[in-house]
Amino acid sequence: MHKIAIFEGGMKVAVIGASGYVGAELIALLCQHKKMSICDLVVSEGSDSAGKLFSTLHPKYLGICDITLQAFSVEWFNAAVNKLDAVFFATPHEFSAEWAHAFADAGVKVFDLSGGFRLKNSEDYPKYYGFTHQHLSALAKAQYGLAEWHSHDIAHSQIIAVPGCYPTASLLSLKPITSNNLHSEHSLIVVNGISGVSGAGRKASLATSFNEVSLTAYNILQHRHQPEISQEAHAQVIFNPHLAPYKRGLLATVTLQLKKNVTKANVDQAFVDAYAASPLVRLVGTWPKIDNVAYTPFADLHWQYDEQKKVVVISCAIDNLLKGAASQAIQCANISLGLASHYGLLPSNLKHSNVIDGVNV
Ligand SMILES: NC(=O)C1=CN([C@@H]2O[C@H](COP(=O)(O)OP(=O)(O)OC[C@H]3O[C@@H](n4cnc5c(N)ncnc54)[C@H](OP(=O)(O)O)[C@@H]3O)[C@@H](O)[C@H]2O)C=CC1
Ligand SMILES: CC(=O)N[C@@H](CCC(=O)OP(=O)(O)O)C(=O)O
């Protein structure tokens, strides 16, 4: 039986990858969560950060999280696995692909924020991730954790593949259309994504250093999020990622052609139906802006449909480290605990209102 079914006094968790950008955001959210408690914060085996306080590395959290970072080792795994209810991997993809199954086999629920379990076709791992996946039965059982769309699977499976940042914004835009089969089967589906530099992680690299960063496309026709978006949209997409010179936030703008008989009312209804019960997805009255969602768990969505040309353009803004990673992982954990997915992420008095054509719906 999954330990997840019998949590008492909250879920006891470890975060592996605690020194990184995503790990830090996740830890901040866990610190304020009333139904989860942090047991261990873990970094890589040879990490310079091992033995330091989390708050020494990220001084913003001084007095909020002064837990010592531990180095990952087999000894740590053996000692920790029996006391944990859940583990969050905010590590490189290959590391979680190698270790997640060991936790899952011991009944520990895994929330993997890397891409180690997102792709169903194992042959895509060497092609897009540069390694061969060694744990195919764990890969087959893992469920994709797009929180607004897969709550049943998230609650019932042992390994949750938390979506990537670009796929989160792209799929929140696309799925109301593709899941209702409103798109033309001949449509070219183009996703243009723009991410801030924190999307590349904390490790220094020339490409993301201050003097080098300038708005540019990158990894065109070969980015690992192309198969992920296509798989989950059930439609082949062309994905154009861009790096932009700011810290936080991501915008995905999707263009596709709809079937001849689809009306504006059909399109509006598809979005309202998809997100009426999802307070973290806001249907906003104008084109979304990064600044309105940065440092928040929201996804802001807006679309326009040209009924003559049958072309719809949808744009979605998120914070890449929150809705694109850490806060979505918390949503998945909340769902696993039987809580509302936005538990601990929003003020309890939030009024959920969506706007279409200037009217609250
Ligand atoms: N940045 C983003 O916007 C998003 C990132 N992600 C994914 O989340 C994961 C973390 O990303 P991010 O925080 O940006 O990356 P960072 O480079 O900032 O952090 C990576 C973390 O992983 C740890 N780590 C590195 N190698 C190992 C290893 N062999 N064993 C255990 N831990 C290891 C690092 O520890 P140390 O350096 O101390 O050794 C560090 O804590 C990645 O898989 C990324 O693709 C997902 C969505 C959005
Ligand atoms: C700006 C930048 O470099 N972004 C990263 C995406 C970060 C991310 O989301 O990684 P996941 O694959 O875990 O989702 C990239 O393009 O590789």
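Here, residue 1 is the first one in the sequence, and each next residue gets the next number. Order of listing sets the numbers, starting from 1, for every ligand and every atom in it.
- Those atoms of ligand 1 that come under 4.0 Å of a heavy atom in Ser47, given as number and element, are 36 (P), 38 (O), 39 (O).
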Does His93 form a side-chain hydrogen bond (donor to acceptor under 3.5 Å, both in side chains) with Asp112? I'd like the steps, not just the answer. CA-CA 9 Å; His93 319 289; Asp112 179 18; over 6 Å; no

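- Of all the atoms in ligand 1, the ones that sit under 4.0 Å from a non-hydrogen atom of Arg202 are 16 (P), 17 (O), 18 (O).
- Two residues are said to be in side-chain contact when any heavy atoms from C-beta on lie closer than 4.5 Å; Asp357 and Lys264 meet this criterion.
- Note on ring orientation: taking the six-membered ring where Trp is involved, the planes of Phe54 and His58 are tilted (angle from 30° to 60°).
- You'll find the side chain of Ile177 reaches within 4.5 Å of the side chain of Leu256, heavy atoms only.
- Contact annotation: for Phe72 versus ligand 1, there are no heavy atoms closer than 4.0 Å.
- A continuous path of ILVMFWY side-chain contacts below 4.5 Å connects Leu30 to Tyr21, so both sit in one hydrophobic cluster.
- At a 4.0 Å heavy-atom cut-off, the residues surrounding ligand 2 are His93, Leu113, Arg118, Gly164, Cys165, Tyr166, Ser195, Gly196, Gly199, Ala200, Tyr218, His223, Arg224, His225, Leu243, listed by chain and number.
- Between Ser114 and ligand 1, no N or O atom pair is found at a separation short of 3.5 Å.
- Annotation for ligand 1: atoms under 4.0 Å from non-hydrogen atoms of Gly324 are 47 (C), 48 (C).
- Those atoms of ligand 1 with a heavy atom of His93 less than 4.0 angstrom away are 43 (O), 45 (O).
- Hydrophobic clustering places Val312 together with Ile356 (ILVMFWY residues linked when any side-chain heavy atoms are closer than 4.5 Å, directly or through intermediates).
- Pairs engaging residues 287-301 under the side-chain hydrogen bond (donor to acceptor under 3.5 Å, both in side chains) rule: Arg282-Asp300 [sequence neighbours left out].
- Proximity annotation for atom 21 (C) of ligand 1: of Ser19, Ala90, Gly23, Ala90 comes nearest, heavy atoms only.
- The side-chain heavy atoms of Phe103 and Ile16, taken from C-beta on, include a pair separated by under 4.5 Å.
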Go through it in stages, so that I can follow the logic: the residues are Asn211 and Ser209, the test is side-chain hydrogen bond (donor to acceptor under 3.5 Å, both in side chains), and I'd like the CA-CA distance, side-chain angles, deciding distance and then a yes or no. CA-CA 6 Å; Asn211 273 324; Ser209 71; over 6 Å; no

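- For Ser198, every heavy-atom contact with ligand 1 shorter than 4.0 Å involves the backbone, none the side chain.
- A 4.5 Å side-chain heavy-atom check between Val15 and Val42 finds every atom pair outside the cut-off.
- Atom 24 (N) of ligand 1 has its closest protein heavy atom at Pro92 CD, 3.5 Å.
- With hydrogens left out, the protein atom closest to atom 46 (C) of ligand 1 is Leu113 O, 3.4 Å, a heavy atom.
- When hydrophobic clusters are built by joining Ile, Leu, Val, Met, Phe, Trp and Tyr residues whose side-chain heavy atoms come closer than 4.5 Å, directly or via intermediates, Ile238 is not grouped with Ile189.
- Close approach to Ala325 involves these atoms of ligand 1, each under 4.0 Å from a residue heavy atom: 47 (C), 48 (C).
- Residue Ala18 approaches ligand 1 through these ligand atoms, each under 4.0 Å from one of its heavy atoms: 41 (O).
- Protein heavy atom closest to atom 13 (O) of ligand 1, with residue, atom name and distance, is Val22 N, 2.9 Å.
- Polar contact check, Ala200 against ligand 1: no nitrogen or oxygen pair lies under 3.5 Å apart.
- Near Leu321, the atoms of ligand 1 lying under 4.0 angstrom from a non-hydrogen atom of the residue are 1 (N), 2 (C), 3 (O).
- For atom 14 (O) of ligand 1, the closest non-hydrogen atom on the protein side is Gly201 CA, 3.1 Å.
- Separation of atoms CG (Asn266) and CZ (Phe271) is listed at 12.0 Å; rounding is to 0.5 Å.
- The shortest distance between side-chain heavy atoms of Tyr129 and Arg118 falls below 4.5 Å.
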Gln331 vs Ser341, test: side-chain hydrogen bond (donor to acceptor under 3.5 Å, both in side chains). Steps then yes/no. CA-CA 5 Å; Gln331 286 186 264; Ser341 115; 2.8 Å; yes

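- Protein heavy atom at the shortest distance from atom 29 (N) of ligand 1 is Phe95 CD1, 3.7 Å.
- Gly20 CA, 3.2 Å is the protein heavy atom nearest to atom 19 (O) of ligand 1.
- Among all protein heavy atoms, the one lying closest to atom 3 (O) of ligand 1 is Asn320 ND2, 3.0 Å.
- Side-chain atoms of Leu136 and His133, non-hydrogen and from C-beta on, do get closer than 4.5 Å to each other.
- The protein atom (non-hydrogen) at minimum distance from atom 33 (C) of ligand 1 is Ser44 CB, 3.3 Å.
- Less than 4.0 angstrom separates some heavy atom of Thr91 from each of these atoms of ligand 1: 9 (C), 22 (O), 32 (N), 42 (C), 43 (O).
- Within the 4.5 Å cutoff, the side chain of Leu322 has heavy atoms near those of the Glu25 side chain.
- Partner of Tyr144 under the side chain to side chain donor-acceptor pair (under 3.5 Å) criterion, chosen from Gln231, Glu228, Glu232: Glu228.
- Residue Glu45 places no N or O, backbone or side chain, under 3.5 Å from any N or O of ligand 1.
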